[in-house]
Participant: 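One structure, as structure tokens, below. Some questions next.
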Amino acid sequence: MSTLRLGDKAPNFDAETSEGKLNFYDFLGDSWGILFSHPADYTPVCTTELGAAAKYKDEFEKRNVKVMALSVDGVASHKGWIQDINETQNTSVNFPIIADEDRKVADLYDMIHPNADDTLTVRSVYVIAPDKTIKLMITYPASTGRNFEELLRVIDSLQLTAYKKVATPANWKSGEDVVISPSVSNEEADKLFPKGYKEVKPYLRMTPQPE
Ligand code: BEZ
């Protein structure tokens, strides 16, 4: 078991997956990554989640994000279940699912929470930047399916704020006004944000989302 925190290097690993043996870093290349776990194959919420993730293929590609899923079931189980996901969710699973039968990756990423369930992985999400640092961690219980719109929203925020000196306010969606980082002086803000900004308070300066 390891304790991972934001800013830590995402651990690399080799794993058997529904698409063969893969090395995580090689799979990611220079892309952003999502690594997400689900409790078990052939379960209802997981079936809808993996179908939803497959349907967001174009949105992930637009954002240069590669997706890898994980459960502690084996490759044969994954392959059979993928057919069910494709059939029932009207999609085609287009990302590898790790067959983590020995729980090696689940332990590396602390995806088993024994007080929730001794053996099955919870619904963990890790967003990993191209430099392999962990930028976001979210954990849901088995009973709650994830919101993939929210994942796209936070990826938009992570990618914007990685390159511009801004932060995104509550409930922000791509295209809406953003907050100028507190470390930026007003003189610097005049140069960095040619569309101008509104100083609501000295510490709260709003500006249109930069290009
Ligand atoms: C599900 O995916 O539906 C599920 C999996 C494990 C426990 C509860 C629900």
Side-chain angles (χ1 to χ4, degrees), residues 1-6 10-11 13-22 24 27-28 32-61 63 65-128 134-156 158:
M1 209 272 283
S2 67
T3 305
L4 293 175
R5 295 189 173 144
L6 298 187
F13 55 83
D14 294 311
E16 293 296 341
T17 79
S18 54
E19 297 183 4
K21 192 164 179 160
L22 291 176
F24 189 46
F27 170 79
L28 291 177
W32 288 71
I34 291 182
L35 177 65
F36 71 116
S37 59
H38 57 271
D41 295 0
Y42 295 104
T43 50
V45 177
C46 300
T47 301
T48 62
E49 279 197 323
L50 270 67
K55 285 183 190 162
Y56 279 99
K57 180 178 192 281
D58 291 349
E59 295 300 326
F60 288 131
E61 273 179 10
R63 292 163 175 82
V65 177
K66 291 207 166 158
V67 173
M68 196 181 275
L70 175 150
S71 83
V72 296
D73 295 310
V75 168
S77 166
H78 286 349
K79 286 188 172 167
W81 182 43
I82 284 170
Q83 289 179 22
D84 279 8
I85 299 169
N86 293 346
E87 178 196 324
T88 62
Q89 307 305 303
N90 194 26
T91 188
S92 181
V93 170
N94 41 49
F95 48 82
I97 309 175
I98 299 169
D100 197 34
E101 289 181 289
D102 60 4
R103 291 145 175 73
K104 188 182 87 178
V105 181
D107 283 343
L108 262 183
Y109 279 84
D110 197 16
M111 290 165 164
I112 295 179
H113 295 200
N115 292 328
D117 190 300
D118 273 352
T119 50
L120 302 180
T121 40
V122 291
R123 298 187 197 281
S124 298
V125 185
Y126 286 87
V127 177
I128 296 159
I134 296 171
K135 294 297 181 192
L136 179 90
M137 297 159 46
I138 322 181
T139 310
Y140 297 74
S143 51
T144 304
R146 282 160 282 211
N147 183 329
F148 286 82
E149 285 291 330
E150 168 62 3
L151 287 187
L152 291 181
R153 190 191 75 86
V154 286
I155 286 166
D156 285 341
L158 291 170

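Ligands are counted one by one from 1 in listed order, and the atoms in each one are counted from 1 as well.
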Participant: Which residue holds the protein heavy atom closest to atom 3 (O) of ligand 1, what is that atom called, and what is the gap in Å?
Facilitator: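 For atom 3 (O) of ligand 1, the nearest protein heavy atom comes out as Val45 N, 2.7 Å.
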Participant: For Asp100 and Val105, work out which heavy atoms get closest and say how close.
Facilitator: OD1-N, 3.1 Å
Participant: Can you tell me the protein heavy atom closest to atom 4 (C) of ligand 1 and the distance?
Facilitator: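 Going by distance alone, atom 4 (C) of ligand 1 is nearest to Arg123 NH2, 3.7 Å.
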Participant: Of the side chain and backbone of Cys46, name the one, both, or neither that has a heavy atom under 4.0 Å from an atom of ligand 1.
Facilitator: both
Participant: Will you find, in the side chains of Asp73 and His78, an N or O donor that is under 3.5 Å from an N or O acceptor?
Facilitator: no
Participant: Identify whether the distance between the nearest side-chain nitrogen and carboxylate oxygen of Glu59 and Arg63 falls below 4.0 Å.
Facilitator: yes
Participant: Output the list of atoms in ligand 1 that are nearer than 4.0 Å to some heavy atom of Thr43, sorted by atom number.
Facilitator: 1 (C), 2 (O), 3 (O), 4 (C), 5 (C)
Participant: Around atom 8 (C) of ligand 1, find the nearest protein heavy atom and jot down its residue, atom name and distance.
Facilitator: Ala142 CB, 3.9 Å
Participant: Taking all heavy atoms of Val67 and all of Phe27, pick out the closest pair and write down the distance.
Facilitator: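 Scanning both residues, the minimum pair turns out to be O-CZ, 3.3 Å.
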Participant: Which heavy atom of Lys57 sits nearest a heavy atom of Asn94, and at what distance?
Facilitator: CD-ND2, 3.3 Å
Participant: Evaluate Glu149 against Arg153 for salt bridge (charged side-chain N to carboxylate O under 4.0 Å, His left out), listing each step before the verdict.
Facilitator: CA-CA 6 Å; Glu149 285 291 330; Arg153 190 191 75 86; over 6 Å; no
Participant: At what distance is the nearest protein heavy atom to atom 6 (C) of ligand 1, and which residue and atom is it?
Facilitator: Pro39 CB, 3.7 Å
Participant: Using a strict 4.0 Å cut-off to heavy atoms of Pro44, name the atoms of ligand 1 that fall inside it.
Facilitator: 1 (C), 2 (O), 3 (O)
